[in-house]
Amino acid sequence: MILLWKGPEFKPYSCASMDLTADWLKQNLVLVVGKGGVGKSTLAQAAAHALAARGKRTLLCRVLQMSEAEQVLRERARNLWEVTLNPTECFREYVAMKLRVKTLATFILGNRVMQYLGKAAPGVREMVLLGKFWHERTRYDHVVVDMPSTGYALTMLHTPFNFASLFPGGPIYHDAMAMIGTLSDPVQTAIVAVALAEEMPVQESLELAAKLRALMPKNVAWLVMNRLISSPEAVGLDFAANGSRPLHPALAALSHRLLRVRAQKEVLDGLAGLWRGHPPVLIPEIQRTAEAERVREIEALVRA
Amino acid sequence: MRELLDGRKVLVCCGSGGVGKTTTSAALGVLAAREGRNAIVITIDPAKRLATALGLETLGGDPTDITAIVNRALGAQGLPPASGKLAAIMPDSEKTFENFIRSMAGTNEGLAKRLFKTSIYKIFAQEFSGTNEYLAMEKLFDLYNSGRYDLVILDTPPSANTLTFLDAPKRLAEFFDDRIIRWFVEPGSRLLAAGVRKALEILERITGRGFIAEMLDFVSGLFELRAQFIENLRQVARLLRQDDVAFLMVTSPERLRKEDTQAFVRKLREDAYPFWGFVVNRVLSRAIGATKWAAEWDSELASQGFDAKQIETLRMNFRELQPQLQHEADASEYLKNFSGTRVALVAERSSDVHSVSALVGIADELA
């Protein structure tokens, strides 16, 4: 059960019959963005599993801000492949693809200055990483991208715009323009922000959405509110009034949860007035310690 | 944690995003002020409401004395005013690369201007990994040397990974790679003549005309800053290894990653940075005062006037929290395995911490 939020009111127990079609997973390119620690990778993984389970050829693509991990394509499940991008390797692939002549490519890639450029030159790194999953999208039904943290993800999405304006007319310009076309198109690309019902992640999502609007006004962002706690059944007692002596732990546990639900509602209510994208998708808290278990549970939710 | 403050002049709070690093840093500042210290907290990206509560409205500003705000919160809780002082500073994280260039260029404004004019700079300016971390270190160094404070607390910049802060200098140094940049900058060098120029020309077939020239311009400008950068880095590295410095890893049971923690502790030890231990935020069992439903609770609750149905509801609620409580217990057991380090636990709050009085409460817990 994925809860689709229709209005400002948050009723965790009354959402069971809501529209469960995951519109944010229909696009060819699904970019999952969010602050560190909000469950972005778990969600991307669950979404990729869910798509593969529906019989769609899916690539889960991890983009890290500074990984030099080996870039190996692995088959994870039926219809599901997974890869962590390596910027140096992406640069190599891009140059080789563009130059076509193998000896030329080998020549310049063997040059240390070029290796340095691929690694450290401003914009190049972001452009080749973005270019890689943009290119891969043609080989799969869906490419789900586990994007780096919000700031760097935005820098990456900015890069083709920068290249297009700085170097008009060059071969890279055409690629940049094509990338912009794909990313700006809501039919081809979904940008999914993940947040928790806490001040900082929500603030970051709002800022992200505003910056994306400025960059690509036509492609409205999605928002997944992750790990929402549900309200316990009330026991009909007002604990807040009883502040004189320490609460019994059983009551403290309930009171703590009630207060957290209230704080969560406050954040969601505040968000309702400010969020201008698609209605947020609400995902309940899943109390599992193992990452794999959480992925399976969210996958089940997405499929429902 | 009073023992942590004794004789320490610098505290570095590391940790991944969303673990309450800023809150911990600010609470340590409150604790230090109450202990009579003259402390300052450097925080890069605090939650807006917390920043507002601390009176930190202006970005990139100078140090702001917030002792009065802290004393007001102490007074409201019937506590005496702090015997020390607390200040806070919030460097502007938006324009980091610009600040980076400016701080490095120093009096050479012409050079900074030349760099800002290159179009490459526009790509670069948005986010360059490591600059935030470097600027935080530089700020720490300046404040330490200013002699105005006897304790500087650094809330390291937000990042997905705990190691980011420690890795930043290396990443930046890589960017300033001496040998490579020399090839760019000294066109007379044989290496450039031999291969680099040809390679650059081929690359320009992809990028389009102009990219390489821009690139060379930019890199040669940066090269002039290099010596300053390397010197600054050397000084900061020396400071961070002094024995009046303590590194803390701030974490939460929910977001504790074993590999990340191990790598962080290993790195600190390898590089001889003094590590104090862990601050674990958001510990539910501390908030409720128990980890398991005890057998005698049923009768205790009954004697408090709860009927069987209500007790069953309470039990159900507790059961739902059990996995979290178990996970917490495992996490703190895990952290206790690191020899020679300490573990401080802080109770989970029922809402975001965005008031100074909440900080006072956390400072009390840390004391």
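Lettering follows sequence order; numbering is per chain, from 1.
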Are there over 12 heavy-atom neighbours, none belonging to M177(A), within less than 6.0 Å of that residue's CE?
no

Provide the closest heavy-atom pair for [X] versus [Y] in the form atom of the first, atom of the second, distance.
X       : Y       : result
L301(B) : A250(A) : CD1-CB, 3.9 Å
A253(A) : F318(B) : CB-CD1, 3.8 Å
A290(B) : P249(A) : CB-CB, 3.7 Å

For the CD atom of E198(A) and the NE2 atom of H354(B), what is their distance to the nearest 0.5 Å?
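It comes to 10.5 Å.
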
Rounding to 0.5 Å, atoms CZ (R257(A)) and CG (N317(B)) come to a distance of 4.5 Å

Is any side-chain heavy atom of L247(A) closer than 4.5 Å to one of I288(B)?
no

Among E348(B), R257(B), M316(B), which has the most heavy-atom pairs under 4.5 Å with chain A?
E348(B)

Identify which part of E199(A) has an atom lying under 4.5 Å from any heavy atom of chain B, answering side chain, backbone, both or neither.
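The answer is both parts of E199(A).
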
Pick one of side chain, backbone, both or neither for R315(B), based on which atoms fall under 4.5 Å of a heavy atom in chain A.
neither

For E300(B), is it the side chain, the backbone, both or neither that has a heavy atom under 4.5 Å from a heavy atom of chain A?
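Only the side chain of E300(B) comes within 4.5 Å of chain A.
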
Any donor-acceptor pair under 3.5 Å linking the side-chain atoms of H248(A) with those of Q304(B)?
no

